[in-house]
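A note on names: the letters A, B, ... follow the listed sequences, proteins ahead of strands, and every chain is numbered from 1.
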There are 2 protein chains.
Amino acid sequence: MRMLSQAVEDYLKTIYKLQGEDRVATNHIAAVMEVSSASVTNMLKRLTRLELVDYASYQGVRLTEAGTQVALEIIRHHRLLETYLKEVMGFSWSEMHEEAERLEHHISEEFEERIDEMLGYPTHDPHGHPIPTKDGKIAASATQTLAETEPGEHVVVHHVSDGDSDLLDYLEGAGLLPQSKVQVVEKEPFNGPLKVALGGKERVIGREVAAQVFVRPAIHRTTASGTVASSSAERTETK
Amino acid sequence: MRMLSQAVEDYLKTIYKLQGEDRVATNHIAAVMEVSSASVTNMLKRLTRLELVDYASYQGVRLTEAGTQVALEIIRHHRLLETYLKEVMGFSWSEMHEEAERLEHHISEEFEERIDEMLGYPTHDPHGHPIPTKDGKIAASATQTLAETEPGEHVVVHHVSDGDSDLLDYLEGAGLLPQSKVQVVEKEPFNGPLKVALGGKERVIGREVAAQVFVRPAIHRTTASGTVASSSAERTETK
DNA sequence: TCTTATTTTTAGCCATGGCTAATTCAGTGC
DNA sequence: GCACTGAATTAGCCATGGCTAAAAATAAGA
Ligand SMILES: [Mn+2]
Ligand SMILES: [Mn+2]
Ligand SMILES: [Mn+2]
Ligand SMILES: [Mn+2]
């Protein structure tokens, strides 16, 4: 396939993220990408010619298999870059995302390979999002949020929303990053705050924040030393 | 200044490299950049509107002070990136240059700052080319080549040409990289090969290769331990 | 079913940055 | 001073990817 432009790659990535079971609406893409609907229609026609999407006027759009592979390749770049920028280069949450958003379109396969190796072939980025493999497979993510978790339940943070970097700074301070073990102690009614226990301390967090924290049930097991360890069930269904 | 495109940045960089004392010709830029002369004229008009060049029809072009600063900023990115890609990420000579050529247009000031710091604020890239400072100053380079060096002269390799990566691989194997101490032993006439001494061994190299190796006279001094050390006179005139 | 509201597309415009072919300019030789 | 030649510019085209405003299609409500 001929070199794809940054614009084409960003459209494919956006469609990938918006498409669940059903087709994605023109206006939806326009809203997320902050461009006019007319621009979206124009691009969808070109993506159709490139056989990267399956599109019919007024019927919305879906990625073809080829389009999906391109989207996953870009997402792989993005997530490997974020991991590298944060772990190796010490970028903050906000800088990291912005930088990865640009560089994802400009690194070579060689560069991708090097950072993957330097990072020890990570499977998840700093947000806890799965990193697609080189051959375009991606692990499933957790769908349960901390806000939906019932008091008494023991969970492990799987991933956190990557939309708001101020939120990420807050979550980092609160210790609510991927791998953290959390227990919900209490939930105030009427969408009130949650009292959670983590790292031996109790802490109150708002319902909105809790809805951005995705969790998996913790698995309890007794270690050789007799202490109780827990971790999330890591299902790696590739869908 | 508004965000400049990759094309604009590459034109400025090319003009910077071509301009010595006098103005640069349209055809010269076209040849180096492998675009048509018409495209160059078109771009020069736009660069003029942006006040990045001083251009008059049929009279050639020169960078303005603003244009020079942009060019130096891009060259700084390029050379810091090359150093990082080679030293930290283990890229080869050929991959390194290609990668830097693209990434130089897409890294943030933050990224530039981080790699500068991680590298310990280097003054020269792996070719021995000076890295412009953040405030747009650049050290002078050596102008004498090994081919011009007379037998008996002791010199230190200052920088090597960065045009041909196969040549760079060869020079690396020959030990003719920046900082290497070399003595010309013999020069065959009629543009014949040179016999040089370096690292305690003698070696024969072609005149063409020697013309791509830039050197400075070695300064001899006696160390405390009695051995003789030499290094090049590092003049850092910023021009 | 018919009207209305919403979504989407079309039409037409613009900037960027390429290209080829035709023309114009500047310098050299006569 | 004039013709010639090579360099440079102009004219006119194209693809990409934005935009606004108008028109058309679809979905929803009475
Ligand atoms: Mn991100
Ligand atoms: Mn992007
Ligand atoms: Mn280079
Ligand atoms: Mn470049």
Base, sugar-phosphate, or nothing: which does A:Ser57 touch, judged by heavy atoms less than 4.0 Å apart?
-> sugar-phosphate

For chain A, the stretch of DNA chain D it reaches, first to last nucleotide, under 4.0 Å of its heavy atoms | D:dT16 to D:dT26

Base, sugar-phosphate alone, or nothing: which one does B:Ser36 contact when heavy atoms must sit under 4.0 Å apart?
-> base

Only residue of A:Gln6, A:His78, A:His77, A:Arg79 satisfying side chain to side chain donor-acceptor pair (under 3.5 Å) with A:Glu104 is A:His78

Looking across every strand, which nucleic acid part, if any, lies under 4.0 Å from B:Ala38 by heavy atom: base, sugar-phosphate, or nothing?
-> base

What is the nucleic acid contact for A:Thr26, judged by heavy atoms within less than 4.0 Å: base, sugar-phosphate only, or nothing?
-> sugar-phosphate

In terms of ring plane angle, is the pair B:Phe91 and A:Phe111 parallel, tilted or perpendicular, where the classes change at 30° and 60°?
-> tilted

DNA chain C nearest-nucleotide lookup for B:Asn42 and B:Gln59: closer to the 5′ end is B:Asn42

So, do A:His106 and B:His105 have ring centers that fall under 6.0 Å from each other?
-> no

Which pair of non-hydrogen atoms, one from A:Pro126 and one from A:Met96, has the smallest distance, and what is that distance?
-> CG-SD, 4.1 Å

Report yes or no: do A:Glu65 and A:Gln69 form a side-chain donor-acceptor pair below 3.5 Å?
-> yes

More 5' along DNA chain D: B:His28 or A:Ser37, using each one's nearest nucleotide?
-> B:His28

What's the OH-C1' distance between A:Tyr58 and C:dT7, to the nearest Å?
-> 8 Å

Salt bridge between B:Arg114 and B:Glu110, side-chain N to carboxylate O under 4.0 Å?
-> yes

Whole-Å distance separating the CZ atom of A:Arg46 from the P atom of C:dT10 | 15 Å

